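Just the heavy atoms: all of them, side chains too, but no hydrogens, waters or symmetry mates, feed the values below. Residue numbers begin at 1 in each chain, while the letters A, B, ... track the order of the sequences. Every value quoted in this text rests on a predicted model; they were computed, and no experiment measured them.
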Amino acid sequence: MPSFRAPRGTRDLLPPERTAFVRLERIAAELAARYGFRPIETPLFEQTGVFERGVGEATDVVEKELFRLAPRSGEGETWALRPEPTAGLVRAYVQHGMQTWPQPVRLTTTGPMFRYDRPQAGRYRQFWQFDVEVFGDPGPAVDAELIELAFRFYAEAGLNPPDAYVNSIGDEACRPAYVEALAAFYRARIHRLPALERQRLERNPLRLLDSKEPAMVELNADAPTITDRLCAECAAHFGEVRAHLDALGIRYVVDARLVRGLDYYVRTAWEFFPVGARGTQSALGGGGRYDGLVERLGGRPTPGIGFGIGLDRVVLALEAQGADSVTEPVPLAVVVGAEPGATAARLRIATELRAGGLSVRADLAQRKLGRQLEAAVREGARFAVIVGDELADGLVQLRDLGAASQKPVPLADLPALLRRKATVA
RNA sequence: GUGGCCUUAGCUCAACCGGCAGAGCAUCGGAUUGUGGCUCCGAAGGUUACGGGUUCGAGCCCCGUAGGCCACCCCA
């Protein structure tokens with residue numbers, strides 16, 4: 001017999017942890033609705049090209065981390081599990097002609113994403129993300145609105161306000177010149193670049209900027225920044241984003257070296273980290289503007305912007321800051337019996353109580369009364385309904401497990417009685 | 001993907017120099033007939049991650065593989 005286990009980089013979310021995720025998902029859904037986002041669900045996998053064109057072929061996410069599905073013989077297309085939600089949502093926007101919907105279109109989804117990289121704490125091959133996207137709004141006000149929404153989510157989740165880093169990475173008009181200037185800067189100092197960074201220089205000079213190599217950190221202090229090379233339009237846009245953030249009282253840091261790993265971002269980009277912990281594997285979320293993406297995937301030119309929040313990371317951060325662990329629901333009452341074998345009566349009574357809207361567990365394991373009561377007490381139930389001989393007279397014992405007292409109650413009165421007790425805390 | 005550390009029961013961990021694999025918690029059962037979280041007693045739970053090698057003998061030493069973790073990388 002082989003011993004099976006969850007695939008590398010995946011994990012089972014067992015009851016206490018899954019409850020924490022459910023709570024975050026509920027907050028996400030409620031919050032998104034409050035901000036006017038409509039729920040949407042797209043497939044967990046797409047044609048590979050959706051990600052290659054959407055996310056960018058030269059990105060690590062596509063080049064190294066894409067979870068490609070083995071094609072079946074005879075099928076003409078190949079698929080990959082989604083590494084992020086935006087490309088699939090853009091594909092859906094184009095496919096369903098959402099440009100004919102009232103603009104802007106605000107969409108939200110929450111679910112698992114997949115990246116085939118080497119697992120580590122906080123870095124999984126399957127992880128969960130809460131995502132919102134806005135199509136058809138060029139900003140700048142909505143850029144600030146989304147950042148504020150993310151802060152609201154963290155707050156309602158019970159997380160200390162994270163550090164927010166914001167930047168503008170320019171657009172087609174100004175970024176090429178900047179990238180060239182940056183490449184020239186590094187080429188002039190190529191002897192100081194580590195071997196790995198020399199290779200990346202030719203492929204994507206922007207990514208050298210946020211390297212954590214000590215040699216690079218030192219070098220980057222003198223590197224040209226995008227900030228003072230933005231075109232007039234981008235500079236004005238970024239200025240307005242900041243003005244809106246300031247008007248909302250949002251605390252953030254402008255980080256001129258912040259770039260993002262996905263090709264589609266233009267102009268506004270941001271990331272969130274736990275306070276004072278801008279380390280690896282700790283990013284709580286991030287987002288940005290992607291004005292050219294809809295067009296790249298075959299749609300009409302449409303501005304877009306969105307963010308993703310890593311639910312796994314939020315759960316981790318909540319634990320790290322010592323937040324109260326989630327409490328799982330416990331039944332109000334447990335139906336137990338003096339006669340272990342008389343399960344039919346216990347099940348029938350529990351069924352009636354549940355039909356009346358009450359949270360009730362029936363102890364159907366055939367164990368003696370003492371063990372049944374012990375289990376009820378240990379799971380935190382407030383009452384035990386004890387079924388015994390008096391059932392012949394239409395009576396059960398209603399036992400208050402906290403007070404260790406009980407009294408006979410007509411079975412017919414039980415639902416109303418328990419419902420009344422349930423309302424008093 | 002690169003380098004490093006780690007892996008003993010469901011969980012947390014012991015096991016001398018290479019010499020009979022253990023404890024606590026958790027689980028299940030019992031403590032004279034229908035009443036509790038405590039206590040007492042007991043049971044079950046292991047191919048010491050997996051596969052090789054060295055040795056009279058390997059949880060312990062060596063090699064490989066898998067998984068976890070740390071740094072890089074990358075990001076959520």
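- Between the CD atom of A/Q120 and the P atom of B/C69 there is a distance of 8 Å, rounded to whole Å.
- Ring orientation note: the planes of A/Y290 and A/Y264 are nearly perpendicular, at an angle over 60° on the 30°/60° scale.
- Going from atom CZ of A/F151 over to atom OH of A/Y252 covers 11.0 Å, rounded to the nearest 0.5 Å.
- Across B/C41 and B/U32, the matching C1' atoms stand 16 Å from one another, rounded to whole Å.
- Nucleotide B/U65: paired with B/A49 (Watson-Crick or G-U wobble, both distances less than 3.5 Å).
- For the C1' atoms, the distance linking B/C60 with B/U8 amounts to 11 Å, nearest Å.
- By the 4.5 Å heavy-atom criterion applied to side chains, A/L159 and A/Q321 are counted as neighbours.
- Atom CD1 in A/I305 sits 9.5 Å away from atom CD in A/E145 (nearest 0.5 Å).
- For A/R152, the CZ atom sits in a loose shell: 12 or fewer heavy atoms of surrounding residues, nucleotides or ligands are nearer than 6.0 Å.
- Annotation: cation-pi pair A/R242/A/F238 present, NZ/CZ under 6.0 Å from the ring centroid and within 45° of its normal.
- At most 12 non-hydrogen atoms from other residues, nucleotides or ligands lie less than 6.0 angstrom from CZ of A/R251.
- Residues A/L146 and A/V132 form a side-chain contact, since some pair of their non-hydrogen atoms from C-beta on lies under 4.5 Å apart.
- Rounded to a whole Å, the OH atom of A/Y124 is 11 Å from the C1' atom of B/C69.
- Under the Watson-Crick and G-U wobble criteria, each requiring two contacts below 3.5 Å, nucleotide B/G42 is paired to B/C28.
- Remark: the separation of the C1' atoms in B/A66 and B/G51 is 10 Å, to the nearest Å.
- When the shell of 6.0 Å around OH of A/Y116 is examined, it contains 12 or fewer heavy atoms from other residues, nucleotides or ligands.
- Separation of the C1' atoms belonging to B/G68 and B/C50 is 15 Å when rounded to the nearest angstrom.
- If you measure from atom CG of A/L258 to atom P of B/A76, you get 10 Å, rounded to the nearest angstrom.
- When the C1' atom is used for both B/U7 and B/C13, the distance is 13 Å, rounded to whole Å.
- Between A/G308 and A/P119, the residue anchored nearer the 5' end of RNA chain B, judged by the nucleotide with its closest heavy atom, is A/P119.
- What separates CG of A/D12 from C1' of B/G10 is a distance of 14 Å, to the nearest Å.
- Residues from residues 155-167 of chain A with heavy atoms under 4.0 angstrom of RNA chain B: there are none.
- When the nearest nucleotides of RNA chain B are assigned to A/G9 and A/G285 by heavy-atom distance, the more 5′-ward of the two goes with A/G9.
- Side-chain atoms of A/Q406 and A/I386, non-hydrogen and from C-beta on, do get closer than 4.5 Å to each other.
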Per-nucleotide protein contact string for nucleotides 41-47 of chain B, where B marks a base within reach and S marks sugar-phosphate only (heavy atoms under 4.0 Å, - for neither)
-------
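- Across all strands shown, B/G36 forms no Watson-Crick or G-U wobble pair with both distances under 3.5 Å.
- B/A76 atom C1' lies 10 Å from atom CD1 of A/I309, rounded to whole Å.
- Between A/F153 atom CZ and A/L284 atom CG the span is 10.0 Å, to the nearest 0.5 Å.
- When rounded to the nearest whole Å, the span between CZ of A/R125 and C1' of B/C73 equals 15 Å.
- Spacing of C1' atoms, B/C16 relative to B/A58, comes out at 16 Å, to the nearest Å.
- Counting any heavy atom pair closer than 4.0 Å across all strands shown, A/G122 reaches a base atom.
- Taking 3.5 Å as the limit, the base of B/C69 and the side chain of A/R123 contain no donor-acceptor pair of atoms between them.
- Nucleotide B/G1 is matched to B/C72 when pairs are restricted to Watson-Crick or G-U wobble geometry with both distances under 3.5 angstrom.
- Note: CZ (A/R118) to C1' (B/G67) measures 11 Å, nearest angstrom.
- Separating the OG1 atom in A/T42 from the CG atom in A/D131 is a distance of 9.0 Å, to the nearest 0.5 Å.
- As the counterpart of B/C13, B/G22 is assigned, both hydrogen-bonding distances of the Watson-Crick or G-U wobble pattern falling under 3.5 Å.
- Comparing B/C61 with B/C17, their C1' atoms are spaced 12 Å from each other, to the whole Å.
- A/F4 places its CZ atom 14 Å from the C1' atom of B/C50, with the value rounded to the nearest Å.
- Stacking of A/R11 on the aromatic ring of A/Y124 is recorded, both the 6.0 Å distance cut-off and the 45° axial limit being met.
- The gap from the C1' atom of B/A49 to that of B/A44 amounts to 23 Å, rounded to the nearest Å.
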Which letter, B, S or -, goes with each nucleotide of nucleotides 27-38 of chain B from 5' to 3', with contact meaning a protein heavy atom under 4.0 Å?
S-BBS--BBBB-
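- In this structure, A/I27 and A/E156 approach most closely via the heavy-atom pair CD1-O, 3.5 Å.
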